[in-house]
Peer 1: 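Right, I'll just put the structure down here and ask away after.
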Protein chains: 2
Amino acid sequence: MPSTTTHAATGPAPAPVGRRERKKAATRQAIADAALRLFLERGYDEVGIREIADAADVSTTTLFKHFPVKEALVFDEDSDQEARLLAAVRERPEGRSIPAALREHALTTRLATGAAEDGDFAAFANLVATTPALRDYAQNMWLRHAAALARVIAEESGLAADDPVCAALAHFALEAPRAASTHDNPRQAIVRAFDLLEHGWSGHAQADA
Amino acid sequence: MPSTTTHAATGPAPAPVGRRERKKAATRQAIADAALRLFLERGYDEVGIREIADAADVSTTTLFKHFPVKEALVFDEDSDQEARLLAAVRERPEGRSIPAALREHALTTRLATGAAEDGDFAAFANLVATTPALRDYAQNMWLRHAAALARVIAEESGLAADDPVCAALAHFALEAPRAASTHDNPRQAIVRAFDLLEHGWSGHAQADA
DNA sequence: CTCAATAAGTGCAACAGTACAACTTTTGAA
DNA sequence: TTCAAAAGTTGTACTGTTGCACTTATTGAG
């Protein structure tokens with residue numbers, strides 16, 4: 001997702017307290033911004049690491065201290081997103097089921113990302129879709145998120161960690177928004193999908209608070 | 001899969017007719033063998049391309065003419081396997097259902113690979129499992145195979161190319177053997193899984209010859 | 001049989017992504 | 001002020017991968 005330095009308060013990143021950490025975050029952001037700009041201008045494969053580092057006015061070593069591999073420059077907010085996703089399940093209000101929490105999360109984040117920067121976002125999506133390296137990387141990210149989510153679901157629901165139901169719910173919860181984006185009315189699609197899921201689910205696991 | 005140059009007649013590769021093509025195949029095999037040996041001896045990341053090329057007595061350029069990327073050295077027989085898989089569906093005997101053909105294929109290839117070289121095979125599996133680059137690559141291979149299989153299923157069954165049923169069957173057919181390998185009695189597991197599948201399937205698509 | 005087209009293979013230099021190590025500057029706190 | 005840790009820098013080198021110019025072997029057609 002393109003990040004324009006100013007992002008709404010949709011998660012656990014509102015408090016970079018120390019002067020140090022703020023500077024660090026700033027550097028990181030400068031790198032990510034420069035990278036994304038160059039990538040969108042000229043294509044992922046046409047822009048080298050050294051050039052990005054130059055554009056952000058840091059050394060390549062510094063760049064790699066912030067982003068472990070080139071692809072990570074594009075999926076900057078990856079870990080933040082994952083953290084928010086897991087938090088949405090872990091810290092859901094009392095009495096709300098896990099699927100309901102997931103639906104809620106899917107809806108809010110979809111609104112947030114799709115809102116202000118629809119043009120940028122389309123360009124970004126296109127970049128990823130047309131660059132094989134990025135497609136692969138995104139796919140693996142997706143799998144990692146699904147796995148992490150499955151573990152959290154297992155913890156929260158009290159099911160066995162390797163219960164297929166957890167994996168299935170996780171997969172579904174991540175797949176639904178993906179599928180919905182090709183729909184004419186994404187929000188409606190998400191709601192429907194999750195409604196269906198919840199009923200199937202409640203038969204399986206009634207043990208969540 | 002480890003390939004010991006002498007492999008049973010389990011597929012469509014028995015006729016490298018021209019002198020030229022035979023030499024080419026020999027070179028390829030020499031490279032793959034050298035690579036696999038070195039990888040198993042010292043680990044994937046500890047062996048460089050140049051060293052492999054030396055061991056097979058070819059130049060790195062030649063090596064890359066046979067294998068597009070380093071990982072492909074390990075999954076040498078990838079495309080052969082995929083071809084056999086698709087052929088198993090396309091050229092199934094008259095009157096045999098698609099799931100039945102897939103079950104058959106799963107059983108025979110499992111026997112073939114698991115038979116003589118169980119030690120080698122375990123080492124190979126371990127190599128892949130412990131090397132992230134290879135795990136990722138294998139995962140993508142799996143997805144590509146599943147997609148290809150789904151297309152063939154669509155053709156053969158007359159269903160729409162993007163019918164989820166095709167994708168689901170393809171996924172299942174490839175997943176079952178994977179899951180079965182952790183089972184105590186793999187063959188039994190495969191048979192059961194496919195039996196179950198066939199009944200679910202026959203309700204959905206009765207239109208295959 | 002000859003010959004030109006084609007494919008396989010060679011050697012080398014270059015580039016891009018990444019790692020590493022030794023060093024300098026900031027910065028948080030005592 | 002002082003100091004140790006963290007952030008950043010520089011330079012260097014390794015590894016996968018590609019491009020280029022070139023040699024050699026195979027082959028199909030005349």
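Sequence lines set the chain letters: A, B, ... in the order given, protein chains first and strands last, and positions in each chain run from 1.
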Peer 1: Between the protein and nucleotides 20-24 of chain C, list every N/O to N/O distance that falls short of 3.5 Å.
Peer 2:
{"unit_1": "C:dC20", "atom_1": "N4", "unit_2": "A:Thr61", "atom_2": "OG1", "d": "3.4"}

Peer 1: Round to the nearest Å and state the distance from B:Ile31 atom CD1 to C:dA8 atom P.
Peer 2: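 Rounded to the whole Å, the gap is 12 Å.
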Peer 1: Only counting residues at least two apart or in another chain, list the ones meeting side-chain hydrogen bond (donor to acceptor under 3.5 Å, both in side chains) with B:Ser59.
Peer 2: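 Here the qualifying residues are B:Thr62.
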Peer 1: Which atom pair, heavy atoms only, marks the closest approach of B:Leu63 to B:Ala53?
Peer 2: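 Looks like CD1-N, 3.9 Å.
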Peer 1: Listing request: all salt bridge (Lys or Arg N to Asp or Glu O under 4.0 Å) pairs with a residue in residues 45-74 of chain A, at least two apart in sequence or in separate chains.
Peer 2: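 For residues 45-74 of chain A, and leaving out neighbouring residues, the salt bridge (Lys or Arg N to Asp or Glu O under 4.0 Å) pairs sorted by first residue read A:Arg42-A:Glu51.
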Peer 1: Quick one: pull up CD in A:Glu155 and SG in A:Cys166 and give me the separation to the nearest 0.5 Å.
Peer 2: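 It is 10.0 Å, given to the nearest 0.5 Å.
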Peer 1: B:Phe124 versus B:Leu36: any side-chain heavy-atom pair under 4.5 Å?
Peer 2: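 Sidechains of B:Leu36 and B:Phe124: in contact.
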Peer 1: Tell me, which pairs form a salt bridge (Lys or Arg N to Asp or Glu O under 4.0 Å) where one or both residues lie in residues 167-182 of chain A, sequence neighbours left out?
Peer 2: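 Qualifying pairs, neighbours excluded: A:Glu175-A:Arg178.
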Peer 1: Hey, which of B:Val152, B:Leu85, B:Ile98 is the one that makes side chain to side chain contact (heavy atoms under 4.5 Å, CB included) with B:Arg90?
Peer 2: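 It is B:Val152, the one option of B:Val152, B:Leu85, B:Ile98 that forms the side chain to side chain contact (heavy atoms under 4.5 Å, CB included) with B:Arg90.
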Peer 1: Should we say atom CZ of B:Arg37 is surrounded by more than 12 heavy atoms from elsewhere, each under 6.0 Å from it?
Peer 2: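 Counting neighbours around CZ of B:Arg37, more than 12 heavy atoms of other residues, nucleotides or ligands fall under 6.0 Å, so yes.
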Peer 1: Which pairs pass ring-ring contact (aromatic ring centres under 6.0 Å, His included) with one or both residues in residues 42-74 of chain A, sequence neighbours excluded?
Peer 2: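 Checked against ring-ring contact (aromatic ring centres under 6.0 Å, His included) - neighbours excluded - the pairs reaching residues 42-74 of chain A are A:Phe39-A:Tyr44.
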Peer 1: Checking B:Glu104 now: which residues fulfil side-chain contact (heavy atoms from CB on, under 4.5 Å) with it, not counting sequence neighbours?
Peer 2: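 side-chain contact (heavy atoms from CB on, under 4.5 Å) check on B:Glu104 returns B:Arg96, B:Thr108.
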Peer 1: Which residues satisfy the side-chain contact (heavy atoms from CB on, under 4.5 Å) test with B:Ala88, sequence neighbours excluded?
Peer 2: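 With neighbours one apart ignored, the set is B:His105.
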Peer 1: Within this structure, what is the CZ-to-P distance between A:Phe64 and C:dT18, rounded to whole angstrom?
Peer 2: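 Rounding to the nearest Å, CZ of A:Phe64 and P of C:dT18 are 4 Å apart.
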Peer 1: Rounded to whole angstrom units, what separation is found between the CZ atom of A:Arg42 and the P atom of C:dA16?
Peer 2: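 The answer, rounded to whole Å, is 11 Å.
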Peer 1: Distances under 3.5 Å only, N/O to N/O: pair up the protein atoms with those of nucleotides 27-30 of chain C.
Peer 2:
{"unit_1": "C:dT27", "atom_1": "OP1", "unit_2": "A:Lys23", "atom_2": "NZ", "d": "2.6"}
{"unit_1": "C:dG28", "atom_1": "OP1", "unit_2": "A:Arg19", "atom_2": "N", "d": "3.1"}
{"unit_1": "C:dG28", "atom_1": "OP1", "unit_2": "A:Arg20", "atom_2": "N", "d": "2.7"}

Peer 1: In the structure I gave you, are the side-chain heavy atoms of B:Asp76 and B:Gln29 within less than 4.5 Å of one another anywhere?
Peer 2: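 In contact.
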Peer 1: Show me the donor-acceptor pairs within less than 3.5 Å that the side chains of residues 137-151 of chain B make with the rest of the protein, sequence neighbours left out.
Peer 2:
{"unit_1": "B:Arg144", "atom_1": "NH2", "unit_2": "B:Asp78", "atom_2": "OD2", "d": "3.3"}
{"unit_1": "B:His145", "atom_1": "NE2", "unit_2": "B:Asp78", "atom_2": "OD1", "d": "2.6"}
{"unit_1": "B:His145", "atom_1": "NE2", "unit_2": "B:Glu82", "atom_2": "OE1", "d": "3.2"}

Peer 1: Can you check the B:His66 NE2 to C:dA8 P distance for me, whole Å?
Peer 2: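 The answer, rounded to whole Å, is 7 Å.
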Peer 1: Whole angstroms only, please: what is the CD-P distance between A:Glu46 and C:dA16?
Peer 2: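 After rounding, the gap between these two atoms is 11 Å.
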Peer 1: For nucleotides 28-30 of chain D, list the nitrogen or oxygen atoms of the protein found under 3.5 Å from its nitrogen or oxygen atoms, one pair per line.
Peer 2:
none

Peer 1: Taking only residues two or more places apart in sequence or in another chain, which ones pass side-chain contact (heavy atoms from CB on, under 4.5 Å) with B:Glu91?
Peer 2: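 Expected list: B:Ala87.
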Peer 1: Please determine whether a side-chain nitrogen or oxygen atom of B:Ser59 lies at a distance below 4.0 Å from atom OP1 or OP2 of C:dG9.
Peer 2: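 Result: no.
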Peer 1: Whole-Å distance between D:dG16 P and B:Tyr44 OH?
Peer 2: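 Atom OH in B:Tyr44 sits about 8 Å away from atom P in D:dG16.
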Peer 1: Can you tell me how far P of C:dA16 sits from CG of A:Leu73, to the nearest Å?
Peer 2: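 That distance rounds to 16 Å.
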Peer 1: Just to be sure I understand the geometry, which residues of residues 49-57 of chain B put a non-hydrogen atom under 4.0 Å away from DNA chain C?
Peer 2: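 DNA chain C contact set from residues 49-57 of chain B: B:Arg50, B:Asp57.
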Peer 1: Grab the CG-C1' distance between A:Asp45 and D:dT17 for me, whole Å please.
Peer 2: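 Going from A:Asp45 (CG) to D:dT17 (C1'), I get 13 Å.
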